[in-house]
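Following: one structure in structure tokens, then a few remarks.
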Amino acid sequence: MKGQIFLIFILLVLLESCSALYFYLEGTEQKCFIEELPRDTLVVGTYKAEEWSDTQQAYIENPNLGIQITVEELPHIHRIINQKGPSRGRFTFTAAESGDHAICLSTNSSSWFSNSQTKLHLDIVIGEATSEEENDKEHFSDLAQRVSELNNRVADIRREQSYQREREAEFRDQSEITNSRVVYWTIVQLVVLGITCLWQMRHLKGFFEAKKLV
């Protein structure tokens, strides 16, 4: 039993997709990140913005600093999120379609010529449980909760596999179309070459007959 519990914990650690990073923004500069997501995948992002203080010579949180967050589906540029948040906050969205998604963040500064430098911490978790599932966790034992989370991770993996199979099928169809075009073009070249040879033979035959060499 202990071995099974240990295995579940290991799988939970391995299956959860999480990326944490920080970067710098100059003034109202916007930075975007591209995430390839399967359909119906829940994404939760948390962020914290710190502005450079010349007085303290360090990055500190400024309660007056706002963050503009946009999320778009590519390549159709379908906007999913367009929200303004405080210097520290969280955003969530669910991928409606499989494909690339652009997650963009910028400071919500009122000055067009702001030279302030902002350090933005961003933590993105892909495939997190929904809020309803989180509320239901109170009614389960610790082991049942872990099993439920494991089932969610397995569902995420199945969605990812299904998406990859769709990509492989599209690539295979495109390869078959390309191969068929190559075959058709080869046949056309052979036909043109055969017609050219026949025309040259008839032309040479007529030439020899005209010269009374045949």
Side-chain angles (χ1 to χ4, degrees), residues 8-38 40-138 142 145-146 148-150 152-153 156 160:
I8 289 174
F9 276 104
I10 294 298
L11 288 174
L12 286 174
V13 172
L14 293 177
L15 292 178
E16 183 173 2
S17 177
C18 177
S19 58
L21 71 157
Y22 69 88
F23 51 93
Y24 298 93
L25 297 174
E26 295 287 345
T28 57
E29 176 187 8
Q30 183 186 67
K31 285 196 176 181
C32 298
F33 303 90
I34 306 299
E35 287 286 349
E36 186 177 7
L37 303 171
D40 297 329
T41 299
L42 178 66
V43 178
V44 178
T46 56
Y47 64 89
K48 181 181 71 172
E50 297 175 322
E51 194 173 32
W52 175 258
S53 173
D54 292 330
T55 304
Q56 302 185 24
Q57 290 296 301
Y59 287 97
I60 61 174
E61 286 194 56
N62 181 1
N64 297 322
L65 181 66
I67 299 298
Q68 179 72 36
I69 305 164
T70 59
V71 177
E72 296 177 341
E73 292 180 350
L74 301 179
H76 306 293
I77 317 297
H78 173 63
R79 182 162 294 183
I80 303 175
I81 292 180
N82 183 22
Q83 70 180 47
K84 297 177 182 179
S87 60
R88 180 196 294 257
R90 167 177 170 150
F91 62 91
T92 62
F93 69 92
T94 302
E97 297 294 338
S98 300
D100 291 334
H101 291 70
I103 304 173
C104 302
L105 299 98
S106 62
T107 57
N108 188 19
S109 176
S110 59
S111 175
W112 288 94
F113 303 99
S114 175
N115 295 322
S116 62
Q117 187 178 59
T118 305
K119 183 178 182 180
L120 191 58
H121 302 262
L122 179 62
D123 185 8
I124 298 177
V125 178
I126 299 175
E128 186 172 290
T130 61
S131 58
E132 291 82 2
E133 292 171 341
E134 291 177 350
N135 294 331
D136 292 339
K137 288 178 182 178
E138 300 175 357
D142 184 66
Q145 174 182 329
R146 296 300 177 182
S148 177
E149 292 177 352
L150 180 59
N152 292 333
R153 301 295 180 261
D156 292 335
E160 178 69 26

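Bear in mind the structure is a predicted one, so any value in this text is a computation, not a measurement.
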With a cut-off of 3.5 Å and sequence neighbours excluded, list every side-chain donor-acceptor pair involving residues 41-49.
| from | atom 1 | to | atom 2 | distance (Å) |
| --- | --- | --- | --- | --- |
| T41 | OG1 | P38 | O | 2.9 |
| Y47 | OH | P86 | O | 3.1 |

What side-chain donor-acceptor pairs closer than 3.5 Å can you find for residues 92-105, not counting sequence neighbours?
| from | atom 1 | to | atom 2 | distance (Å) |
| --- | --- | --- | --- | --- |
| S98 | OG | R39 | N | 3.0 |
| H101 | ND1 | G99 | O | 3.0 |

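Side-chain atoms of T107 come within 3.5 Å of backbone N or O of G27 as a donor-acceptor pair.
Here the CG atom belonging to L120 is positioned 6.5 Å from the CG atom belonging to L122, to the nearest 0.5 angstrom. Atom CZ of R90 and atom CD1 of I69 lie 12.0 Å apart (nearest 0.5 Å). The structure places CD1 of I67 at 11.0 Å from CD of Q83, a figure rounded to the nearest 0.5 Å. Atom CD of E29 and atom OG of S106 lie 9.5 Å apart (nearest 0.5 Å). Taking CD1 from I126 and CD from E35, the interatomic distance works out to 4.0 Å, rounded to the nearest 0.5 Å. Once rounded to the nearest 0.5 Å, the distance linking CD of E50 with CG of N62 reads 11.0 Å.
For Y59, the ring-ring contact (aromatic ring centres under 6.0 Å, His included) partners are Y24, W52, not counting sequence neighbours.
More than 12 heavy atoms of other shown residues, nucleotides or ligands fall within 6.0 angstrom of atom CZ in F23.
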- Message: Determine whether N82 and Q68 satisfy the following criterion, side-chain contact (heavy atoms from CB on, under 4.5 Å), listing intermediate values before the conclusion.
- Response: CA-CA 7 Å; N82 183 22; Q68 179 72 36; 2.6 Å; yes
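A pairwise comparison of heavy atoms in Q56 and S53 identifies N-OG, 3.3 Å as the closest pair.
In this structure, F33 and L21 have side chains that are in contact, with non-hydrogen atoms separated by less than 4.5 Å.
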